[in-house]
Novice: 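Dumping the structure here so I can ask a few things about it.
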Number of protein chains: 4
Amino acid sequence: MPKHEVKSTVKDEELIQKRREQISRGAVKLFIDKGFHRTTTREIAKEAGFSIGTLYEYIRTKEDVLYLVCDSIYNEVNMRLAELDTNDNTIEGLRLAIANYFEVINVMSDEFLVMYQESKSLPSEALRYVLTKELEMVQQFETIIQRCMEAGNLRIGPEEVSLAAHHILVQGQMWSFRRWALRREYTLERYIQVQTDQIIQGLEK
Amino acid sequence: MPKHEVKSTVKDEELIQKRREQISRGAVKLFIDKGFHRTTTREIAKEAGFSIGTLYEYIRTKEDVLYLVCDSIYNEVNMRLAELDTNDNTIEGLRLAIANYFEVINVMSDEFLVMYQESKSLPSEALRYVLTKELEMVQQFETIIQRCMEAGNLRIGPEEVSLAAHHILVQGQMWSFRRWALRREYTLERYIQVQTDQIIQGLEK
Amino acid sequence: MPKHEVKSTVKDEELIQKRREQISRGAVKLFIDKGFHRTTTREIAKEAGFSIGTLYEYIRTKEDVLYLVCDSIYNEVNMRLAELDTNDNTIEGLRLAIANYFEVINVMSDEFLVMYQESKSLPSEALRYVLTKELEMVQQFETIIQRCMEAGNLRIGPEEVSLAAHHILVQGQMWSFRRWALRREYTLERYIQVQTDQIIQGLEK
Amino acid sequence: MPKHEVKSTVKDEELIQKRREQISRGAVKLFIDKGFHRTTTREIAKEAGFSIGTLYEYIRTKEDVLYLVCDSIYNEVNMRLAELDTNDNTIEGLRLAIANYFEVINVMSDEFLVMYQESKSLPSEALRYVLTKELEMVQQFETIIQRCMEAGNLRIGPEEVSLAAHHILVQGQMWSFRRWALRREYTLERYIQVQTDQIIQGLEK
DNA sequence: AATGAATGAGCCTTCATTCAT
DNA sequence: GATGAATGAAGGCTCATTCAT
C-alpha cells in the first residue's frame, strides 16, 4: 500500500520534513495530555513553534496531524526494532526480540497509548495505511518465529504463527494500556521475564 | 469505592432508572458508529426517544452519558459472567470460565471497543470508578485461579496470579480490538481453544 | 419548479417564518451596504436581533440567507405588481402596468441592485429557482402584451412578445442600475413617461 | 478625471505594462469562473504565470487587480468601437454603430458580465474612474445621435439624447446579462435587427 | 416532567499581505 | 526583480448547555 499523502503548499521537500517533525513532536505531547479531540489546531501550532497559518502550510486538515503522529510513531518503533534485530534463529533470539520490543514500548508508552486510542479518528484511507503498518510489525515477529520453526527450535502448527505474533504484540501493548494496574505490581524487568517465559512456553507445547 | 453519582433534577428514582437505560442503549449505538466526540447530545436525545431538554433532566454533562454507557456495559458483562460461574475449582472450571468470558466479549464486541477507546474521556473521578469495575473483573479471575491453586490443580507462584488474570482479560479484549486481523484467520471456537490451551499451559509450568 | 428548501432545526413553522423575515430584512440592509461577501454571518445575526447560534437554527449556510433575501424581494415585487394589475387589454392598461413596475423598482431600488449583483453567488439549485421567479415576471408582461395583441390594440409579431417583455424588465432595472447617471437628469415621472412612450411606440410599428 | 493609479515597486515602465497585462488576462478568466471574491491572489499569480511575491510587485491590493481587469476591458471595448467608427451622420451610420457595439458585447460577453457584477467591489476612487469610462461610452453614442440630429436625420428633444444613449448601452448589456433567457430564442443577428429597429423607431417619433 | 428555542464560546480553516533571501 | 515561506486576523459554523413555557 502506498504511503498516505499529506498535501502541502510548500515546495521545499526538506523543509516539509523538518516542519512536520516539529508538528508531530509537539502534537504527541498534547494528544497524550488531552487527547486528539480536545487539542486545538492553535495549540498544535504553538507547541510546534509557529503560527496557525504556517501549520496549515504543511497539513490540510487536523486529521493530517493525527496521521503524521501515528506515522512517526510507527516509524520510530520499526526503526528501533530493526536496529536490534539479531537475525538469528534460536529461541534465545526470539526471547531477545520480545524483550527489545517490550523495552521500546516502555520508552514510548505514551505514544502507544495515543496511537491506539486515537487512530480510529483517522479518515478511512489513512486508517487503512496505519493498519498496514501494524501488520508489518506482526510480520516482523512472524518471520522470527518462522525462522525458529524452520531451524527446528520451535514446534507449533503453521496456522498458529500469526496468532502467536499478534499475541506478542498485544502482550506488549498491555504494558502500555494497563500500566495503571501493572506498574503497581511489576517492574519492567520482571514483566518481561514472566511474559516471555509464558509466551515461549506457549509456543513449545 | 462508592458508585460515581450522576445528578438528576427528577425525583422518581424508578423513572430515572428507566430513562437512563434508554439513554445508555441509544448512546452505545451512536458511540459505536461515530465515537464519543463525534456524537452530539442532540443525537443522543433523539436516539433515546426524547427531547434534548429531557435528556438534561437525567444527566448534567455529556460525560455523564459516557459514564452511564461504561457502567451499563460493565454491569452487563459482570452479570453474564456471574450467571455462568460454575464455582468449582478444577482446571476444567477455569477453562469454562475463560470460554464464557470470550463468548461474552464476542457478543459485546462493539461495546468493549467503545468502552476501551472512550473511557479516557471520562472525568477523573468517573474514570477511577470505571477502573475499579475493571479490577473487579480481574479479581473474579484471580479468585478462580486461586481456588484452582488451593485445590492443587495449578502450580504457579502467588505473585503471578494477578498477572495471569490480567493476561486472560487482555487475551479476551484482543478478540475485540484486533478483529480486523483475527477474524480473517480464526473462528471464535478455534480462537477460544488455542488461547485457552496456551493460557492454561502457561499456568502449569 | 419546487421552491428551494432551506433546512431549519426549529419545528414551529410560524416562528420560522417570523425569524426568516427578520433575517431577510436585516440582511438586505447589510448587503446593500457592503455586499454579500463583505457581510459576516455575525453581522447578519446581530442586525436580525439575535445570536449567531440562533441564526443557524433557521439557516444552514450563509448562502441560504442570500436565497432568503432574493426570494423575499421577488415575492414582494410580485405581490405589489399583482395588487395593481388592472387586467384590462388596452394600451392604457399596458402603460399603467409599466408605470407600476417602474414605481415598484424605484421604491425597491436597493433591493433590486443587491439581487442582480449577488444572485450569482447562490448555489446552483437556488440560482435556478430564482431565475424561474425572474421568468415569472417576464411572463406577467408577456401575458399583458398578448392580451393587447389579441384585442387588436397592438401589432407585433408573436415571436417578439417575449423580447418585448424582457425589454420592459430591463428598462426598469436600468432605473436601478444606472441611477448614478440617470437621477442627475431625470425624475422618476419623466423617466416613466419617456420610457413608456418609447416602449409602446416600439410595439406599434 | 485622471487615471486611477496603481502603485508598483518596479521601475521599468515597460515591464510593468507587460506584467499587468498578464495579470489582467489571467484574472478575467478566473473572475468569469468564480467571481472576484472567490478567486484568491495565489490563483491570480499562478494563472498569470508567476509567484505570489511577484504579483505584489505590480499591485498593492487585490482590488487593484479588479481595477486592472475593468480598465483593460473598457480599453478593449473602446478600441474596438473606435476602430469601426464610420464617423458619418446618417441613420445608417447610427444603425451600424449599434450593430458594432452589440457584436463587441457578444464577443466579450463574459468580460462584460464580470465587470458589471464585480465593479461594485472597487474602492470608491477606482469605482469613480471606471464610471467615467462608462460615461465615455455613453458620450460616444450621444455624439453619434447628436450628429444625426444636427444633420436633420433624427427628430428627438435634446434632453432625450443622453437617455437614448444609455438606452442603447443597456440594450447591449441585456444581451450579456440575460443570455440565459435570450439565447434560447434569438440569434445575435436577429437580436441586433429587432433591437436596432426598435431603438431607431423610438428615436424618430 | 417535558419541551425546544436561544445562547455564545470556541473550533477549524482560509487567504491577503509581508519580507528575508 | 523574483521567490515563496510565514503571519494572524477574521470568517463560517457547531454544539453543549440553559431556561422560560
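Bear in mind that the values here come from a model prediction, so they are computed numbers and not experimental data.
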Novice: Please work out if T9(D) contacts a base, only the sugar-phosphate, or nothing of the nucleic acid, heavy-atom cut-off 4.0 Å.
Specialist: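 No contact at all - T9(D) keeps every heavy atom at 4.0 Å or more from the nucleic acid.
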Novice: For the side chain of T40(D), starting at C-beta, report the closest nucleotide among dC15(E), dT7(F), dA16(F).
Specialist: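 For the T40(D) side chain, the nearest candidate turns out to be dC15(E).
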Novice: dA6(E), dA9(E), dG4(F): which one has an atom nearest the side-chain heavy atoms of I52(C)?
Specialist: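 Of the candidates, dA9(E) comes closest.
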Novice: Spell out, as yes or no, whether a donor-acceptor pair under 3.5 Å connects the side chain of K62(C) to the backbone of T39(C).
Specialist: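 Judged by distance alone, yes, a pair lies under 3.5 Å.
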Novice: Measure from NZ on K46(C) to P on dG11(F) and round the result to the nearest Å.
Specialist: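 Atom-to-atom, K46(C) to dG11(F), this comes out as 13 Å.
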Novice: Roughly how many Å is it from CD in E13(C) to C1' in dG4(E), rounded to a whole number?
Specialist: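 Atom-to-atom, E13(C) to dG4(E), this comes out as 15 Å.
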Novice: In whole angstrom, give the distance that lies between atom CG of L30(D) and atom C1' of dC15(E).
Specialist: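 Distance, rounded to whole Å: 15 Å.
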Novice: Taking the basic N atoms (NZ, or NE/NH1/NH2) and the acidic carboxylate oxygens, is any pair closer than 4.0 Å for E47(D) and R25(D)?
Specialist: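 R25(D) and E47(D): not salt-bridged.
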Novice: Between dG8(E), dA1(E), dA6(F), spot the one nearest the side chain of S51(C), thanks.
Specialist: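 The listed nucleotide nearest to S51(C)'s side chain is dG8(E).
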Novice: Counting just side-chain N and O atoms, does R42(A) come under 4.0 Å of either OP1 or OP2 of dG10(E)?
Specialist: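 R42(A) to dG10(E) OP1/OP2: no side-chain N or O under 4.0 Å.
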Novice: Check E76(A) with K133(A), please: is the shortest side-chain N to carboxylate O separation under 4.0 Å?
Specialist: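 No, this pair does not count.
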Novice: Nearest nucleotide by nearest heavy atom, which residue falls closer to the 5' end of DNA chain E, R19(C) or F50(B)?
Specialist: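 Residue closer to the 5' terminus by nearest nucleotide: F50(B).
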Novice: Can you check ring-ring contact (aromatic ring centres under 6.0 Å, His included) on Y116(B) and Y116(A), steps first, answer last?
Specialist: CA-CA 10 Å; Y116(B) 284 109; Y116(A) 285 108; over 10 Å; no
Novice: Looking at dC13(F), dA5(E), dA1(E), which one has an atom nearest to any side-chain atom of D12(B)?
Specialist: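 It is dA1(E).
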Novice: Does NZ belonging to K29(D) count more than 12 external heavy atoms closer than 6.0 Å?
Specialist: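 Not buried by this count: 12 neighbours or fewer within 6.0 Å.
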Novice: In Watson-Crick or G-U wobble terms, both distances under 3.5 Å, what is the partner of dG12(F)?
Specialist: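 Pairing partner: dC11(E).
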Novice: Ignoring backbone atoms, establish whether T41(B) has a side-chain N or O less than 4.0 Å from OP1 or OP2 of dC15(F).
Specialist: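 For T41(B), the contact criterion (side-chain N or O under 4.0 Å from OP1 or OP2 of dC15(F)) is not met.
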Novice: Is there a side-chain polar atom (N or O) of Y56(D) under 4.0 Å from OP1 or OP2 of dC19(E)?
Specialist: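 For dC19(E), neither OP1 nor OP2 has a side-chain N or O of Y56(D) closer than 4.0 Å.
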Novice: With DNA chain F as reference, determine whether V10(A) or V10(D) sits nearer its 5' end, using the nearest nucleotide of each.
Specialist: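 Its nearest nucleotide lies further toward 5', so the answer is V10(D).
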Novice: Within the pair R38(B) and dC15(F), is there a side-chain N or O less than 4.0 Å away from OP1 or OP2?
Specialist: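 For R38(B), the contact criterion (side-chain N or O under 4.0 Å from OP1 or OP2 of dC15(F)) is not met.
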Novice: Ion pair present between E57(C) and R42(B), side-chain N to carboxylate O less than 4.0 angstrom?
Specialist: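 Salt bridge flag = yes for R42(B) with E57(C).
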Novice: Provide the Watson-Crick or G-U wobble partner of dA20(F), both distances under 3.5 Å; none if there is no partner.
Specialist: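 Across any shown strand, dA20(F) pairs with dT3(E).
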Novice: Given atom NE2 of H37(C) and atom P of dA10(F), what is their separation to the nearest angstrom?
Specialist: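 Atom-to-atom, H37(C) to dA10(F), this comes out as 18 Å.
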Novice: Rounded to the Å, how far apart are E57(D) CD and dT3(F) P?
Specialist: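 From E57(D) CD to dT3(F) P: 10 Å.
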Novice: Nearest to the T61(D) side chain among dA6(F), dT17(E), dG1(F), which nucleotide is it?
Specialist: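 Of dA6(F), dT17(E), dG1(F), dT17(E) is nearest to the side chain of T61(D).
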Novice: Atom NZ of K62(D) to atom P of dT17(E): distance rounded to whole Å?
Specialist: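 Taking atom P of dT17(E) as the reference, NZ of K62(D) is at 9 Å.
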Novice: Output the rounded distance in Å from CD (E14(D)) to P (dG1(F)).
Specialist: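 Atom-to-atom, E14(D) to dG1(F), this comes out as 12 Å.
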Novice: I want to confirm an ordering. Mapping L55(B) and R60(A) to their closest nucleotides on DNA chain E, which one lands closer to the 5' end?
Specialist: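 Its nearest nucleotide being more 5', the pick is L55(B).
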Novice: Find the distance D64(D):CG to dA16(E):P and express it as a whole number of Å.
Specialist: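 Atom CG in D64(D) sits about 13 Å away from atom P in dA16(E).
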Novice: Between dG4(F), dG1(F), dA6(E), which nucleotide gets closest to the side-chain atoms of Y58(C)?
Specialist: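 Side chain of Y58(C) sits closest to dA6(E).
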Novice: DNA chain F: T39(B) or L15(D), which has the more 5' nearest nucleotide?
Specialist: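 Looking at the nearest nucleotide for each, L15(D) comes out on the 5' side.
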Novice: Give a yes/no answer on whether the side chain of T54(C) brings an N or O atom under 4.0 Å of OP1 or OP2 in dA6(E).
Specialist: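 No, outside the criterion.
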